[in-house]
Amino acid sequence: MRLTILGGGGFRVPLVHGALLTDRGAGRVTHVVLHDLDTDRLAAVTRVLAEQAAGVPDAPEVRATTDLDEALRGADFVFSAIRVGGLEGRAHDERVALAEGVLGQETVGAGGIAYGLRTVPVAVDIARRVARLAPDAWVINFTNPAGLVTEAMSRHLGDRVVGICDSPVGLGRRIARVLGVDPRRAWIDYAGLNHLGWVRGLRVAGRDELPRLLADPVLLGSFEEGRLFGAEWLRSLGAIPNEYLHYYYFNREAVHAHKCGARTRGAFLRDQQARFYEEAGNPDVSALAAWDRTRAEREATYMAENRETAGAGEREADDLSGGYEKVALALMRAIARDERTTLILNVRNRGTLSALDSEAVVEVPCLVDASGAHPVSVDPLPGHATGLVCAVKAVEREVLAAAESGSRATAVKAFALHPLVDSVNVARRLVDGYAAVHPGLAYLT
């Protein structure tokens, strides 16, 4: 089986490769094609993968290319993890937004909209090429903003594109851990959009264990989201929000923390990864060891400003190991081998959340088999969550419309309608600011 990884020179590709090395049996991935436009990054990651595979029998064959059509032909699965504009682009997204006093995070608020506006046209082109060159392939999308990009691609690939994210997996794992429950035995009642969802229940043998957690302040204070949001607020919600909802519930504090930081997250990652790629290009240095050191630092500093604002402390050791690569492998196995499983994924709604139309991509539990990912019917979201989900989905739709039409006015509308942007005039200045620093937004007129 052949897997093509778009963004093949990306820093997290070794995580996917590492998961593949543990997979055995019929229907496993035997060939990996890395596609990237940056030959130096491709060479560095290829070195890391070669060291990872040393001594592993029957490791997948790895090949790198800068030719997108060549990479797609013959693919059974396409893993999309591209970053249009690179980390320099992310740093621009953050700075332009913070200069206007609004959030510049890469998937939430103004930064997420800017990232979406320059990513959607590229993702749509990829989707069209997949439909033409590899019509039987399944696309697994991790490109952010994951829900928005998956919806853009689904308009050309239908249900053969599935979005993944490690946030719901990590959240469910942490809740199960503090409750003393095996996460493999638990049904996680999670619903919303990507980076905008809530765990409403965690059921084991038909019993919902979440009320036990919400009633115990000691347990609530023993894991990341409990410390991040505070026990009182979680009890008020009657649910555990995805960590990204901290940007909504504590927006003023989050913006202040980001403005006061020495560097934005994008700038930190840009500088950190520049050091890694330079080091990994040195033949006298272990590329794998350099990658391991860089990854550990990256994971430990994830959402550091939010944790500092909330007094949440350092991340738990168990939360530093990632997780999206495990979701990707489980998804591929379920489809390729008909190994039926349940995963929280980004798929077309199909009536799952009654407040949204059937084509809207949502993040919900899905039953996965050889025919793809099928969303499981869930209870309606409470009113406060429904309002937020509908508002953000409306913004996503304006981003898609702007990307299709090239309309600056529609882009302004997308920014202005977002709950975290507080002025139409700010929205106009954001569009002008982003257009000035991003060549990829030159299409807006």
Side-chain angles (χ1 to χ4, degrees), residues 103 105 107-109 165-183 185-204 207-258 302-320 323 344 353 355 362-365 378-392 419-420:
L103 188 70
Q105 205 276 336
T107 62
V108 177
C165 181
D166 49 2
S167 287
V169 175
L171 175 56
R173 184 176 60 211
R174 287 188 287 275
I175 294 173
R177 186 171 67 223
V178 299
L179 287 169
V181 170
D182 183 348
R185 296 179 52 239
W187 173 267
I188 300 170
D189 179 4
Y190 180 96
L193 306 179
N194 180 241
H195 290 180
L196 193 77
W198 297 260
V199 171
R200 292 97 54 86
L202 189 139
R203 296 184 178 88
V204 181
R207 176 184 173 86
D208 187 2
E209 299 289 342
L210 192 64
R212 177 162 64 90
L213 173 62
L214 291 171
D216 190 329
V218 175
L219 283 181
L220 280 175
S222 68
F223 73 110
E224 184 161 323
E225 281 75 13
R227 295 189 295 269
L228 194 61
F229 293 100
E232 181 182 356
W233 180 237
L234 294 183
R235 283 196 295 268
S236 296
L237 292 174
I240 310 296
N242 183 293
E243 60 201 346
Y244 283 84
L245 275 152
H246 193 265
Y247 292 116
Y248 292 88
Y249 295 145
F250 297 90
N251 178 252
R252 183 172 296 189
E253 293 83 356
V255 171
H256 177 74
H258 282 261
Y302 177 68
M303 292 189 76
E305 294 87 357
N306 300 68
R307 293 200 310 279
E308 183 176 353
T309 295
E314 299 298 316
R315 297 188 76 194
E316 300 288 341
D318 289 344
D319 296 327
L320 301 181
I344 298 172
L353 293 180
V362 296
E363 191 168 76
V364 293
V378 298
D379 292 335
L381 289 167
H384 67 86
T386 296
L388 195 50
V389 162
C390 288
V392 172
L420 301 184

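Here the CG atom belonging to Asn242 is positioned 8.0 Å from the CG atom belonging to Asn194, to the nearest 0.5 angstrom. The OH atom of Tyr244 sits 5.5 Å away from atom CD of Gln105, with the distance rounded to the nearest 0.5 Å. Once rounded to the nearest 0.5 Å, the distance linking CG of Leu381 with SG of Cys390 reads 8.5 Å. With rounding to the nearest 0.5 angstrom, the CZ atom of Arg173 is 10.0 Å from the CD1 atom of Ile188. Here OH of Tyr249 is found 10.5 Å from OG of Ser236. Values are rounded to the nearest 0.5 Å. Put simply, CG on Asp182 and CZ on Arg177 are 13.0 Å apart, with the number rounded to the nearest 0.5 Å.
With sequence neighbours left out, the side chain to side chain donor-acceptor pair (under 3.5 Å) criterion links Asn251 to no other residue. Partners of Ser167 under the side chain to side chain donor-acceptor pair (under 3.5 Å) rule, at least two apart in sequence or in another chain, are Glu243.
Contact detail for Pro217 and Ala215: the closest heavy-atom pair is CD-O, 3.4 Å. Residue Val178 comes nearest to Leu219 through the heavy atom pair O-CD2, 3.5 Å, listed as atom of the first residue, atom of the second, then distance. Of all non-hydrogen atoms in Ala191 and Leu353, the two that sit nearest each other are CB-CD2, 4.1 Å. When all heavy atoms of Glu363 and Cys165 are compared, the closest pair comes out as OE2-CB, 3.6 Å. When every heavy atom of Gly197 is checked against every heavy atom of Tyr190, the shortest pair comes out as CA-OH, 3.4 Å.
Side-chain contact between Asp189 and Leu210: absent, with no pair of heavy atoms (C-beta onward) separated by less than 4.5 Å. At least one side-chain heavy atom of Pro241 sits less than 4.5 Å from a side-chain heavy atom of Leu234. At least one side-chain heavy atom of Val378 sits under 4.5 Å from a side-chain heavy atom of Pro365.
Ring orientation note: the planes of Phe250 and Phe229 are tilted relative to one another, at an angle of 30° to 60°. Using bins of under 30°, 30° to 60° and over 60° for the plane-to-plane angle, the ring pair His384/Trp198 lands in the perpendicular bin.
A donor-acceptor pair under 3.5 Å is formed between the side chain of Asp208 and the backbone N or O of Leu202. Between the side chain of Arg212 and the backbone N or O of Leu179, at least one donor-acceptor pair lies under 3.5 Å. Remark: side-chain polar atoms of Arg200 are paired, donor with acceptor, to backbone N or O of Asp379 under 3.5 angstrom.
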If you apply the rule side chain to side chain contact (heavy atoms under 4.5 Å, CB included), what do you find for Val389 with Leu196, and how did you get there? CA-CA 7 Å; Val389 162; Leu196 193 77; 4.0 Å; yes
Pair Leu220-Arg235, side chain to side chain contact (heavy atoms under 4.5 Å, CB included): steps then yes or no: CA-CA 9 Å; Leu220 280 175; Arg235 283 196 295 268; 3.9 Å; yes
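Between Glu225 and Arg174, at least one side-chain nitrogen of the basic residue sits less than 4.0 Å from a carboxylate oxygen of the acidic one, meeting the salt-bridge criterion.
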